[in-house]
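This structure is a prediction, so every number in the text was calculated from the model and none was measured. Only heavy atoms go into these numbers, but all of them, side chains included; no hydrogens, no water, no symmetry mates. Residue numbers start from 1 in every chain, and the chains themselves are labelled A, B, ... in the order their sequence lines are given, proteins ahead of strands.
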Amino acid sequence: MDFSTLNTNQLKAVMFNNGPALIIAGAGSGKTKTLVYRVARLIDDGISPNSILLLSFTRKAANEILTRASKLSNPKCQYVSGGTFHSFCHSLIKRFHHLINYSNSFSIFDRSESEDLINLIRKDYVSSTIDLPNKSTLSNLLSHCFNTESSLESYLIDNYPQFVNAIELITTIFNQYKIRKMELSVFDYDDLLSFSKLLLTHKEVQDFVQNSYRYVMIDEYQDTNNIQADIVSNLLTKEQNIMAVGDDCQSIYSFRGANISHILNFSEQFKNTTIIKLEQNYRSVQPILDLSNEVIKFHSSAISKSLYSDFKSTQKPFYIESKNEWDQAKFIVQKIQDLLIQGTSLSDIAVLMRSSWHSNDLEIELKKSDIPFIKVGGSKFIEASHIKDIMAYFKIISNSKDIISWSRVLMLIEGVGPKTVSELLNIIPNLNNQSINQLLNKYKSKKFFSELNKLFTFFNNSIKSPASVTELFEKVFDLNLPYFEKKYDDYLKRSLDLNNLKTIASRYTLLEDFITELTLDPIDSLSTNPNDNSVLTLTTIHSAKGLEWNTVFIISIIDGYLPSSKSFDNNEKEQEELRLLYVAITRAKLNLFIFKPQQTKSFSSSTNSMTTQHSRFLMEDKTLNLMETSFIEEDYQTGLLELNSSFETYPKLNFDQLSNSTKPSTSIKYNL
DNA sequence: GTAGCGGTGCTTTTT
DNA sequence: GCACCGCTAC
Ligand SMILES: Nc1ncnc2c1ncn2[C@@H]1O[C@H](COP(=O)(O)OP(=O)(O)OP(=O)(O)O)[C@@H](O)[C@H]1O
């Protein structure tokens, strides 16, 4: 193997053998690269791939590390066990389900299914005297308390005082929910963690994992929560071969319990820890790092380390104000077209945002200009109503007790509403051949009988005689088609998605794998034009974690968006928003553009706009001086948008500097 | 009991 | 843009 592209400390980490190690380092310092090399090096030294466990924050990230390691040394790297905490926990439960009294045919509820089950239970407890939180708040409450290991009461008092008097009802609903999940053979995301934690208290399970995995590696350790950290510590053999990699400045998942104490107290938890620090950034040009260094100085706890790089540039990051989000969108499209003319590939460009919907206007402009893009973060492909419809059929076949999927499918039938569904759901979890006939007899006289009969016959046959996933897809598609066309006015547009789902389904031989993989690793959304191999990336900052692009546009940086208004009056949350900005800035290698529209629409439908304020993180002169500030204006002769220095709030820039960098066709020069 | 209409109210981040 | 609620007509 060739280690010449590693620096001294990276090499030290790559060559590290036994015992606990913590690699703590700033953005772009090569943490992920180090993991890639360590995997490759271990395999090269003859360690069996089965004895290495690599946990990362998405399956894609884990697979990418293994693919890169394979190319570096030995294709065997592909066989290293890699995945997310949740996917690892799923495999553990798959193997040891009997120890926790679950059958083998359990299923996993995603957030929306779990909300639906909670809602079903909630309906029994709505009263005229006490107000209950809605299903999504209930689900958030439950998950928050689980992941942060905090008490419901204190969380309610601080965040939802209006529901404090409903605490007993809420607790009852949660208990019912737990019972119902067991009856239905279902786990939600949090259950995967909690049952795994429980399983690891069994000697049998402990022996199994400890005999299986000698080396455990975890990427992005700053975003690990207490339960996950607990699971990790129970995986290790006596040698304690754990290598955790992380950056406390980039902790952005505290809303699901992640906390940096696991990094900070690592060497207390694991005696004889070797700490390796990586200092140099190999990603960004220095002016971008100057900005990120300045921004993170506002972090209240002293976690900042100063990033430096050998990549010089005279170009400061841009801070660009626009009239509104539409101008922001049009300018970005124009800028991208310029970059394309200069030979840039779309895959080297990304647009980052705090919340997924911030790119609504931009998406419209991109479509107008035929610029292909993928959207990462926000609502997922499988969350679309018409996709959930189809998946519900599959889920019933895979776990016939799944009443949430039953309910979804039954509601498709014309003439069947909540009352009929609820009647049917009482019987469905314990169906057998006899009771099916009894059940159907009851509805013989109804108009919808033939439809109901058709569905039950289909499910009965499909459960008995398994077909290939592709075959099954065809059948489900045909069965669902009349409902689909009736339910959605825009079914033509939506049928493209069904085709895509079919392609995805055809990659699987086992129905169960198809369903669980989509649940554990939800596909974000598909490219607007899947045939283009080079597409622009639109992503939430959260989903941009660990990634990098030559050119990065960060859009709609206004107070209330970043930091999100939900973080106001809460220092902890506000600090996390600051770290988000830090993560966003440090994704850029060469060009960074930060946008601030002066007006935003309050709602996408509404016509009234609101005047915006500068993000509180980008207010200080010291910060602003590290950027090139300007304003987007339209040239009435050419119709092109151009940057201008007519700023009122901010110091004007010197004119030479501006005219050089603002004309859309002028390329930016770097001294790399 | 169900379907469909219009009005209202609100949008973080993810496995 | 979308989910949720209440109302009304079948
Ligand atoms: N020693 C090195 N020499 C040259 N380039 C390097 C070196 N180490 C890392 N790089 C490059 O620096 C970039 C950032 O590396 P990497 O993604 O591994 O950083 P990271 O620490 O994981 O970043 P983040 O904290 O943002 O996830 C990559 O393009 C990588 O190839």
List in chain and number order the residues that pass side-chain hydrogen bond (donor to acceptor under 3.5 Å, both in side chains) with [X], two or more places apart in sequence or in another chain; answer none if no residue qualifies.
X        : result
A:Ser422 : none
A:Tyr102 : none
A:Gln228 : none
A:Ser615 : none

Atom pair distance, as rounded to whole Å: [atom1] in [X] and [atom2] in [N]:
X        : N      : atom1 : atom2 : result
A:Lys487 : C:dC2  : NZ    : P     : 13 Å
A:Asp131 : C:dC5  : CG    : P     : 11 Å
A:Tyr189 : B:dT13 : OH    : P     : 15 Å
A:Glu576 : B:dT14 : CD    : P     : 12 Å
A:Asp191 : B:dT15 : CG    : P     : 18 Å
A:Asn119 : C:dC4  : CG    : P     : 7 Å
A:Ile118 : C:dA3  : CD1   : C1'   : 17 Å
A:Leu410 : B:dG1  : CG    : P     : 16 Å

What parts of residues 84-92 of chain A reach DNA chain B, counting only heavy atoms under 4.0 Å away?
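Output list: A:Thr84, A:His86.
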
Partner residues of A:Glu485 under the side-chain contact (heavy atoms from CB on, under 4.5 Å) criterion, sequence neighbours left out
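So A:Glu485 forms a side-chain contact (heavy atoms from CB on, under 4.5 Å) with A:Leu481, A:Tyr491.
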
Listed by chain and number, what are the side-chain contact (heavy atoms from CB on, under 4.5 Å) partners of A:Glu220, not counting sequence neighbours?
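Here the qualifying residues are A:Phe57, A:Gln222, A:Lys545.
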
Identify which nucleotide among [options] has an atom closest to any side-chain atom of [X], counting heavy atoms from C-beta outward.
X        : options                : result
A:Ser355 : B:dT15, B:dT13, B:dT14 : B:dT13
A:Thr420 : B:dT15, B:dT2, B:dT13  : B:dT2
A:Lys135 : C:dC4, B:dT13, B:dT15  : C:dC4

Closer to the 5' end of DNA chain B via nearest nucleotide, is it A:Asp521 or A:Ser567?
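By nearest-heavy-atom nucleotide position, the 5'-most residue is A:Ser567.
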
Report the residue (A:Val421 or A:Phe255) whose heavy-atom-nearest nucleotide on DNA chain B is the more 5′ of the two.
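This one resolves to A:Val421.
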
Report the relative orientation of the aromatic rings in A:Tyr561 and A:His358; use parallel for angles under 30°, tilted for 30 to 60°, perpendicular for over 60°.
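Answer is parallel, since the angle falls under 30°.
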
Can you tell me which residue pairs pass the salt bridge (Lys or Arg N to Asp or Glu O under 4.0 Å) test with a partner in residues 445-456 of chain A, sequence neighbours excluded?
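Listed by first then second residue: A:Glu451-A:Lys454.
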
Under 4.0 angstrom between A:Lys380 side-chain N/O and B:dT15 OP1 or OP2
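Yes, because at least one side-chain N or O of A:Lys380 sits under 4.0 Å from OP1 or OP2 of B:dT15.
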
How would you label the contact of [X] with the nucleic acid (heavy atoms, under 4.0 Å): base, sugar-phosphate, or nothing?
X        : value
A:Ser565 : nothing
A:Lys566 : base
A:Phe57  : sugar-phosphate

Looking only at the side chains, is there a donor atom on one of A:Ser564 and A:Ser567 sitting less than 3.5 Å from an acceptor on the other?
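Short answer, no.
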
Tell me whether A:Asp116 is salt-bridged to A:Arg408, with the criterion being a basic N under 4.0 Å from an acidic carboxylate O.
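Between A:Arg408 and A:Asp116 there is no salt bridge, as every charged N stays at least 4.0 Å from the carboxylate O atoms.
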
Please list, pair by pair, any protein nitrogen or oxygen found under 3.5 Å from a nitrogen or oxygen in nucleotides 3-8 of chain B.
unit_1 : atom_1 : unit_2   : atom_2 : d
B:dA3  : OP1    : A:Gly415 : N      : 2.7

